[in-house]
Amino acid sequence: MTAIALIDGNNFYVSCERVFQPHFEGKPMVVLSNNDGCVVARSAEVKAMGVPMGIPWFKLKPLARQNRIIAKSSNYTLYGDMSHRMHSVIAQFAPEQEIYSIDESFLNLTGMPGDLITYGQSIQQRVKQWVGIPVCVGIGSSKTLAKLANHCAKKTIVPIMPGGVTDLTQLSNAELDETLSRIAVGEVWGIGRRLSAQLIDMGITTAAHLKNASINRIQKHFSVVVGRTVAELNGEMCLELEDVAPPKQQIMSSRSFGQPVYRLEDLIEAVTSYTARASEKLRRQQHVASAIQVYLRTSPFKTDAPFYSNGVVVRLMQPTNSVFALAQAATQGLKQIYKPGLPYTKAGIMLLDLQPSNRVPLDLFSALGAPTDLRSQALLKTLDTMNERFGRGTLRSAGEGFAKPWAMRSTHKSRAYTTDWAALAVVQRG
DNA sequence: TCTGGGGTCCTAGGACCC
DNA sequence: TCTGGGGTCCTAGGACCC
């Protein structure tokens with residue numbers, strides 16, 4: 001029988017912060033999104049206070065002050081590195097792993113001898129000891145059931161399986177139905193707010209109802225995707241583990257500004273910076289882009305000013321991975337959609353129509369930044385090597401600017417403990 | 001004063017072709 | 001004067017995920 005495990009970090013970002021600041025253990029704590037915008041991770045103590053996910057920080061502030069909630073700005077350098085460590089430890093437990101997100105891994109435990117609960121506990125212990133992050137383990141006979149098992153593990157929904165490891169494959173069909181009948185349909189992976197509401201209207205309110213619904217009816221009423229979810233709930237593997245991450249089909253980079261931006265020159269700087277980040281990712285996956293989309297907007301939350309949002313796709317003469325060619329195209333697009341006098345709060349770019357660089361035909365004129373242009377490829381290679389070695393932004397084009405009036409807010413950020421020599425934790429001797 | 005960022009997949013509908 | 005049926009490709013928008 002198939003056995004898929006989903007391992008995920010508890011309150012991952014909060015746990016990362018606590019590894020290096022252990023005095024935060026047991027204290028109510030949140031991590032904020034970029035720009036200190038809203039809450040993206042909550043400690044158990046904060047969840048217990050009823051603080052919802054995604055609440056804007058300025059709305060939570062009074063309660064935070066009152067209850068001494070600690071807030072940290074997000075520190076993706078730290079979380080990314082901790083994530084890498086966690087996934088590597090988890091990989092030791094099975095030959096087949098899919099890294100699903102920054103804090104989640106699927107493992108294929110099919111055919112593993114012995115009790116899977118015990119096995120799950122050993123995963124928990126090793127990750128905790130070697131990386132410092134607490135995790136829960138859910139096991140089921142499909143990815144969707146593994147996700148649900150993980151939910152059960154976190155909330156101890158199956159009482160005979162306490163301690164953060166739940167194996168649904170050990171339950172009989174009747175026991176599984178009984179367990180799923182205590183889980184709201186909206187908790188099922190792939191059932192979001194909209195679908196949940198529609199399903200409830202049809203009388204399908206629990207995960208058990210959905211499992212026992214007619215696939216045909218569901219598929220006809222919704223889509224093949226939801227139909228697959230029903231099959232997966234019945235233990236049929238419709239979604240395979242993807243051990244090698246497929247290359248991205250589009251690469252995005254966007255940010256909210258720390259304060260409203262009015263000037264075109266500042267927007268061009270910001271967009272040039274985003275293009276630098278995105279094109280770096282593009283080169284890492286050895287692809288080129290044939291088009292770039294630029295967009296900007298004012299705040300959708302202000303009621304006293306009209307909302308403006310616009311975007312444009314700029315096609316390139318020739319597919320490229322060069323930050324220079326891409327930034328030039330982005331600037332050109334930006335000029336088309338920019339309206340003077342508006343308080344812009346966000347801008348971004350998206351690289352589109354990606355393809356492997358070795359599949360691009362030779363260009364007769366070898367325009368600036370073409371992947372076949374050896375000199376420009378050497379320049380980009382140097383750029384990437386230097387930035388990897390000495391830190392992001394060591395080498396960059398002047399177009400990214402220096403004053404950066406658009407830079408995002410990040411007022412409670414912890415240090416890059418694991419990736420910067422100067423930020424290593426210091427152990428005091430008593 | 002202050003509301004994140006980065007993705008995927010599917011479907012419907014229009015343009016266009018024979 | 002009558003005005004079919006089948007197919008592909010593209011885009012926009014909606015839904016979902018973390």
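For the numbers below, each heavy atom of this structure counts, side chains included, while hydrogens, waters and symmetry mates do not. By convention in this document, chain letters (A, B, ...) are assigned in the order of the sequence lines, proteins followed by strands, and residues within each chain are numbered from 1.
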(Q) Please classify the nucleic acid contact of D103(A) as base, sugar-phosphate, or nothing, using heavy-atom distances under 4.0 Å. (A) sugar-phosphate

Rounded to whole Å, NZ of K220(A) lies from P of dT11(B) at a distance of 15 Å

Under a 3.5 Å threshold, yes or no: a donor from one side chain and an acceptor from the other, between D81(A) and T418(A)?
yes

Taking dG7(B), dC2(B), dC18(C) as options, the one with an atom nearest any side-chain atom of I251(A) is dG7(B)

Output for pair (L296(A) CG, L267(A) CG), nearest 0.5 Å, gives 6.0 Å

Point to revise | Pair Y100(A), E242(A): side-chain N/O donor-acceptor within cut-off below 3.5 Å | key: no

Among the nucleotides dT8(B), dC2(B), dG4(B), whichever has the atom closest to the side chain of S256(A) is dG4(B)

Closest of dG6(B), dC18(C), dT3(B) to the E104(A) side chain is dC18(C)

Open item on the list: If the cut-off is 4.0 Å, is R277(A) near the phosphate of dG6(B), judged by side-chain N/O to OP1 or OP2?
Closed with: no

Between CG of N150(A) and C1' of dC18(C) the distance, given in whole Å, is 13 Å

Residues of residues 185-216 of chain A with a heavy atom under 4.0 Å from any atom of DNA chain C, listed by number, are V188(A), W189(A), G190(A), I191(A), G192(A), R193(A), R194(A), L195(A)

Between OH of Y274(A) and P of dG7(B) the distance, given in whole Å, is 15 Å

Should K302(A) be listed as having a side-chain N or O under 4.0 Å from OP1 or OP2 of dC2(B)?
yes

Margin query: Assess, by modelled atom type and distance only, whether the side chains of N35(A) and S33(A) contain a donor and an acceptor separated by less than 3.5 Å.
Written below: no

Answer with base, sugar-phosphate or nothing: what part of the nucleic acid does S299(A) contact at a heavy-atom distance below 4.0 Å?
nothing

- Task: Answer with yes or no after comparing the ring centroid distance for Y76(A) and Y13(A) against a 6.0 Å cut-off, counting only values under it.
- Result: yes

Checking dG4(B), dG7(B), dC18(C) against the side chain of M252(A) (C-beta onward), the nearest is dG7(B)

Here the distance between atom P of dC18(C) and atom NE2 of H151(A), to the nearest Å, is 12 Å

Atom NZ of K248(A) and atom P of dC18(C) are separated, to the nearest Å, by 15 Å

Does one side chain, of R126(A) or S122(A), offer a donor that lies under 3.5 Å from an acceptor on the other? no

ask   = Any idea how W189(A) and F106(A) line up, ring-wise: parallel (<30°), tilted (30 to 60°), or perpendicular (>60°)?
value = tilted

Between CD of Q249(A) and C1' of dG7(B) the distance, given in whole Å, is 10 Å

Stems in DNA chain C, runs of 3 or more consecutive Watson-Crick or G-U wobble pairs with both distances under 3.5 Å, sorted by first number, are B:5-18 with C:5-18

Query raised in the report: Does any N or O in the side chain of S309(A) come within less than 3.5 Å of the main-chain N or O of R297(A), such that one atom is a donor and the other an acceptor?
Result: no

- Message: Just checking Y344(A) against F257(A), ring centres under 6.0 Å apart?
- Response: no

dT3(C) to dC17(B) separation - P atoms, rounded to the nearest Å
23 Å

Check: Within the structure, does a side-chain N or O atom of K147(A) lie under 4.0 Å from either OP1 or OP2 of dC17(C)?
Finding: no

Check: OP1 or OP2 of dG4(B) less than 4.0 angstrom from a side-chain nitrogen or oxygen of R409(A), does that happen here?
Finding: no

Q) Any side-chain N or O of K346(A) less than 4.0 Å from the OP1 or OP2 oxygen of dT3(B)? A) no

* Does E187(A) pair with K154(A) as a salt bridge, N-O distance under 4.0 Å? -> no

Closest of dT3(B), dG5(B), dT8(B) to the K59(A) side chain is dT3(B)

I55(A) CD1 to dT3(B) P, in whole Å, measures 14 Å

When Y76(A) and V224(A) are each assigned the nearest nucleotide of DNA chain B, the 5'-most assignment goes to Y76(A)

* Asked: Does K281(A) make a side-chain N or O approach to OP1 or OP2 of dG5(B) shorter than 4.0 Å?
  -> no

Closest to the 5' end of DNA chain B, once Y295(A) and G54(A) are matched to their nearest nucleotides, is G54(A)

To the nearest angstrom, the CG-P distance between N35(A) and dT1(B) comes to 17 Å

Does one side chain, of N321(A) or Q286(A), offer a donor that lies under 3.5 Å from an acceptor on the other?
no

